[in-house]
Protein chains: 2
Amino acid sequence: MATATIIDGKSFAARLRTGITAQITQLKADHGITPGLAVVLVGEDPASQIYVRNKGRQARETGMNSFEQRLPVTASQTELLACIAGLNQDPAVNGILVQLPLPKQINPEAVIEAIAVSKDVDGFHPLNAGLLAVGGAAMVPCTPLGCLMLLKDQLGDLAGKRAVVLGRSNIVGKPMAALLLREHCTVTMAHSRTRDLAAECRRAEIVVAAVGRPEMVKGDWLQPGATVIDVGINRLPTPDGKGRLVGDVEFASAVEVAGAITPVPGGVGPMTIACLLLNTLTAACRQHGIPVPEIKPAAE
Amino acid sequence: MATATIIDGKSFAARLRTGITAQITQLKADHGITPGLAVVLVGEDPASQIYVRNKGRQARETGMNSFEQRLPVTASQTELLACIAGLNQDPAVNGILVQLPLPKQINPEAVIEAIAVSKDVDGFHPLNAGLLAVGGAAMVPCTPLGCLMLLKDQLGDLAGKRAVVLGRSNIVGKPMAALLLREHCTVTMAHSRTRDLAAECRRAEIVVAAVGRPEMVKGDWLQPGATVIDVGINRLPTPDGKGRLVGDVEFASAVEVAGAITPVPGGVGPMTIACLLLNTLTAACRQHGIPVPEIKPAAE
């Protein structure tokens, strides 16, 4: 049987970061501007600390300034909003990211809506969701933006292709559908209430799985040659207790049918932070009225 | 052959207005509040004048206050924005609608974005588009809201149904898809770049046609029993010069296959102004912190 092309998101993300680094060098040389990314962490959650550290490190590696604001787990919503207000005002800060999840006493919607729309590099503000929908200058959520870049790298022009998005979260599924529609795909949104998910998948040339259910999509759900983007990151228990990371797609069966597929890990995951850096660069350019450069990943 | 139920939008809209009238009476009695709708017309376009007059008359018939602001066709964008700023500030005005199209010297996006989000009863502000997408308290565009009401009246619970939306405009297609997704439909967005529109239609239990192409959707594009909502209003030339209104669906062939279908005229059209009044009532309640009543159309 045919075996799919494995889409190397880790390599693509590295090349994208190289492209971003080059543009930041240019931006400093031409305009004396160094983009700045501020990451806000409330509390001591170990996983969140790792994410925040990685974001800061990768930002600095591209030549950006990285700012980290830490608040105690007991911080009130008012304190967090005051922190965000300060970052909104700070001209050295072009992008603001509040690491989720937040402690229970804080309403995440209120926090997201407090971030200046132009600095909302996560693209979670409802105005950015609306600008994406209506075709304006949105900040686009990082994970679906990364998925789109992988798809375009793999397939070229997406116009007219039938795409199915499995899952309808605000941070992946819905913005992914909006992006694919913008690329002129025929887009189907499927989800937990869809009657026959397998049948919807089988019609699609592009499948984006973002449901958070380990290995739900089987090889026989796919049409031969489909391009499969697996956003899921699920940890399955193993006898040795270490666990095993799997996506929302059953890789072993899917790889025999698909034309191309992202692995987990090493597929979509590395694209998310790379697109966060891309969004920060975009935000810095827009805030300074500089045309946003088209970033190409560096050659392999 | 079977013949479809004809969905009587004109009657439904009339009963909806009766329900709105009752709620406005209640709102006056309980809270001393009379909702107010302001319609802004720039220039002398005859069709726009008719629309504006109808909106004002229907608003008054439900017991609302109706305000009309007229600017000359030569008005500058600055003048229009000043007019909107005044209406944004006016506590007697709960809903603001700027009649489109606008003269060439005025950028419609700038105008739409200047309307206070809470008074944007057309639901065209990108923040309202985003709130609809993420599940917040949006003002929903009137035409798709009307289509949804007709669908729920006809079909009851929509969860799990396969729906196709033909057309991806910001004022009908995209918000329609968001509404159907919120109702847990499996939603396909199809459009001019879709490779096989007929095949997409044939899979759907719900077809919403909003493409502006006269009689494009034929009966043999439909699955037997499908519910068809025809948003199109196109005027075809006739020998007598009066023209003939047709929808985006070829009614004569569709009515033989569909389970239910809206006629043109008398289907979706009358729902649009009724939903504008509904939005104005909703806006007034939200602005006063009063729970938004569930409006049911009056009994037949």
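Lettering of chains follows the sequences in order, A, B, ..., and the numbering in each one begins at 1. Just so you know, these numbers come straight off a predicted model, no measurement behind them.
Contacts classified as salt bridge (charged side-chain N to carboxylate O under 4.0 Å, His left out) and involving residues 166-191 of chain A (residues at least two apart or in different chains) are given here: A/Lys152-A/Glu183.
Atoms CD and CG, from B/Glu109 and A/Leu131 in turn, are 10.5 Å apart once rounded to the nearest 0.5 Å.
Of residues 136-146 of chain B, not one residue has a non-hydrogen atom less than 4.5 Å from any non-hydrogen atom of chain A. Heavy-atom proximity under 4.5 angstrom to chain A picks out nothing from residues 226-233 of chain B. Taking 4.5 Å as the heavy-atom cut-off, the residues of residues 185-195 of chain B that approach chain A are B/Cys185, B/Thr186, B/Val187, B/Thr188, B/Met189, B/Ala190, B/His191, B/Arg193, B/Thr194, B/Arg195, ordered by number.
Between chain B and the residues A/Asn128, A/Val117, A/Leu181, A/Asp196, the largest count of heavy-atom pairs under 4.5 Å involves A/Leu181. The greatest number of non-hydrogen atom pairs below 4.5 Å with chain A, out of B/His125, B/Glu200, B/Arg203, B/Arg162, is found for B/Arg203.
Taking all atoms of both residues into account, the shortest heavy-atom contact from B/Asn170 to A/Ala133 is OD1-O, 3.6 Å.
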